[in-house]
Number of protein chains: 2
Amino acid sequence: MSDVAREAGVSLATVSRAINEPEKLSAETLALVRAAVERLGYVPNLNAGSLASSRSRIVAAIVPTVSNAVFSETVDALTQTLARGGYQLLLGQTAYRGGDEEGLVEAFLGRRVDGLVLTGTAQSPSLRAKLKRAGIPVVQTWDLHDKPIDMLVGFSNFEVGRAAAGHLIERGHRRLGFIGAQEERSRQRLEGFRAGAAAHGLADVEVELILPPAHMDDAGPRFAQMAARCPELSAVFCNNDMLAAAVVFECHQRGWRIPGRMAVLGLGDLPIARAAFPRLSTVEVRRGQIGARAGQMLLSRLGGEQAGPDIVDLGFEVIARAST
Amino acid sequence: MSDVAREAGVSLATVSRAINEPEKLSAETLALVRAAVERLGYVPNLNAGSLASSRSRIVAAIVPTVSNAVFSETVDALTQTLARGGYQLLLGQTAYRGGDEEGLVEAFLGRRVDGLVLTGTAQSPSLRAKLKRAGIPVVQTWDLHDKPIDMLVGFSNFEVGRAAAGHLIERGHRRLGFIGAQEERSRQRLEGFRAGAAAHGLADVEVELILPPAHMDDAGPRFAQMAARCPELSAVFCNNDMLAAAVVFECHQRGWRIPGRMAVLGLGDLPIARAAFPRLSTVEVRRGQIGARAGQMLLSRLGGEQAGPDIVDLGFEVIARAST
DNA sequence: TTGAAAGCGCTAACAG
DNA sequence: CTGTTAGCGCTTTCAA
């Protein structure tokens, strides 16, 4: 930077201003500095800037895995929203190992990230405390909680489960199945699903919980087990559209009519839901919006605007298409 | 840090060593410092460390989008590999706008990232030059090139296309279709696909190119158009398994037998290929390995090991299952 | 094995 | 509108 200053015949501060607050310089000086920057191929060291200003313009996000279509879109939207605000995204993955989260947070805090996006609300008390102490904006996502660490954007997984059960029961089904992952949010949807079934006096639901990461090719065999165990089963709620599509394929293979012999309800409204045949009924959960909204909340907080609402319930919607 | 030093009754340098090179301290001093760190809840500022040492322990990756299952797994593997080596991943997305890449690179270079992973090999000469000047390890991925900027891990998209055509022709198909995205790598596969068809004296292939991001629900309608245009069409090569699955669904809807009436070949060997019915034949391209390998190459270069091979051709394999 | 001192490259008051 | 002057919190010779 001092090279540029010398080349342009101005002070260090002026060069800094030319880069960060160009409106505060006269047109001539600005041009002078810009020319020098160009000539020297100068690339400002943002690291040094961060240190001096204690703003890193980096936000970190932690998700189970970006390989799951459901989270990848959240990360996609988040990255884009942040990029528009001049922020960059540091990515952390827990691979569904809850214990890994704390280590990642620590590392990110060490980097002095300006904000943090977490998946879920199951953080340990010690982690919660650490985060509060850090004093940076934090957004928890993909779930609800009455006492968020700081901000929250999500929806009620329990209610999703209940609504799913309601939708299936409304259509006359009495024996319901649930295929999900052994993971916090899936478990809450299961609770809601069970509650919904119980409220209508149905027998307990059939359950298959897949060890995460729940790959699509696990779902068919699990569904087969479930169907063998319970011949009266006439409807399944799958915890994402990928798993649901796998069940649809399994039904095709068996020659089972959908929804005649088996109704299939998905989650997420992924593109596959509109591409499948029959078109998948699904619970839409606005996974992209979660990322976009989290990004906006962070940006406005970092931009010093007065806080909007700290808890955003994005809700969800049961979309009835052809598979139920 | 000076608080810790005071608390432990040692110098700044000693605290620094306790954190970065504990083996160079006596057991007692080390214990002393660690206790102080614990008591004060001290979190070292890695940013300051980066500035002083000019090593950031951050690697950046640029992909079109992480929403595409094909890249998400590369990013997943890369993140994990880097994490094991103590590095973190800064994520950039171009949304398939080639022009965005240069801006992202600039921003990342400004952060003084220790390494960079790029998707594809279509970087402009000016960007190539900039990257070489930066003097950091760079890995280009998902394609081949005889003069990589620095390192490369990929496979030949042209050959993938040719092999796909060969596979289909071998099975007796004479009128072939290609469904892909309007994007560099897809286009190369198309060239290979055409070359393969031409080599066997076939008529030119039917082509549908979808504007990226190519969502799964675009594929069905495109396939329908293609089939209407060319009734003799008996096989399609889809540029990823998601699109292929959409075509499979479309065939189910029409009551077309697969592969009797229409053969469908995918790309990627995503979980959906094993979950679909019929099981999808596909071109496996080791998308996870691309990330893992890129990460390893970076780590070993950053660890000062002498360079292994700088160009890694991971190859590919046509996996014949039931859909062709 | 430990400490002192000099930066790393930038930002941010404060003056002028 | 521009320049001066201190640091930001660490790492890293070099000495002791």
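Keep in mind that this is a model prediction, so the values were computed, not measured. Chain A is the first sequence line, chain B the second, and so forth, proteins listed ahead of strands; every chain is numbered from 1.
- Between A/Thr14 and D/dT2, a side-chain N or O to OP1/OP2 separation shorter than 4.0 Å is absent.
- Mapping B/Leu25 and A/Ile19 onto DNA chain C via the closest heavy atom, the residue that lands nearer the 5' end is B/Leu25.
- Distance, B/Arg55 CZ to D/dC10 C1': 12 Å, rounded to whole Å.
- D/dT4 atom P lies 9 Å from atom CG of A/Leu12, rounded to whole Å.
- Mapped onto DNA chain C by nearest heavy atom, B/Ala48 and B/Glu23 fall at different nucleotides, with B/Glu23 at the one closer to the 5' end.
- A/Pro64 approaches A/Phe71 most closely through the heavy-atom pair CG-CE1, 3.6 Å.
- For B/Arg17 against C/dG3, a side-chain N or O and a base N or O form a donor-acceptor pair under 3.5 Å.
- Whole-Å rounding puts the A/Asn45 CG to C/dG9 C1' distance at 6 Å.
- Remark: B/Arg301 engages B/Asp310 in a salt bridge, criterion side-chain N to carboxylate O under 4.0 Å.
- Among the heavy atoms of the strands, none lies under 4.0 Å from A/Ser54.
- Shown here for A/Gln140 and A/Ile149, the closest heavy-atom pair between the two residues is OE1-N, 2.8 Å.
- Atoms CD (B/Glu21) and P (C/dT2) sit 12 Å apart, rounded to a whole Å.
- A/Gln88 and A/Arg57 share no donor-acceptor pair across their side chains, judged by distance under 3.5 Å alone.
- Side chain to side chain, A/Thr74 and A/Trp142 meet the donor-acceptor criterion of an N or O pair below 3.5 Å.
- The side chain of A/Ala13 lies closest to D/dT4, out of D/dT4, D/dT11, C/dT2.
- For C/dT2, one of the phosphate oxygens OP1 or OP2 lies less than 4.0 angstrom from a side-chain nitrogen or oxygen of B/Ser26.
- To the nearest angstrom, P of D/dT4 lies 13 Å from CE of A/Met1.
- Of the candidates D/dT12, C/dG3, D/dC10, C/dG3 carries the atom nearest the B/Ser11 side chain, counting heavy atoms from C-beta on.
- Residue-level contact check: A/Val10 touches the backbone only, with heavy atoms under 4.0 Å from sugar-phosphate atoms and none from bases.
- In the set D/dG9, D/dT4, C/dT11, the nucleotide with an atom closest to the side chain of A/Ser53 is C/dT11.
- Taking atom NZ of residue B/Lys24 and atom C1' of nucleotide C/dT1, one finds them 11 Å apart after rounding to whole Å.
- Contact annotation for A/Asn47: no contact, since no heavy-atom pair falls under 4.0 Å across all strands.
- Looking at A/Glu102 and A/Gln123, their side chains never bring a donor and an acceptor atom within 3.5 Å of each other.
- Looking at the side chain of A/Ala52, the nearest of the listed nucleotides C/dT11, D/dT11, D/dG9 is C/dT11.
- Atom C1' of nucleotide C/dC8 and atom CG of A/Leu51 are separated by 9 Å, given to the nearest angstrom.
- Atom CG of A/Asn20 is separated from atom C1' of C/dA13 by 15 Å (rounded to the nearest Å).
- Closest contact between the side chain of B/Tyr42 and the listed nucleotides D/dT12, C/dT11, D/dC10 involves D/dC10.
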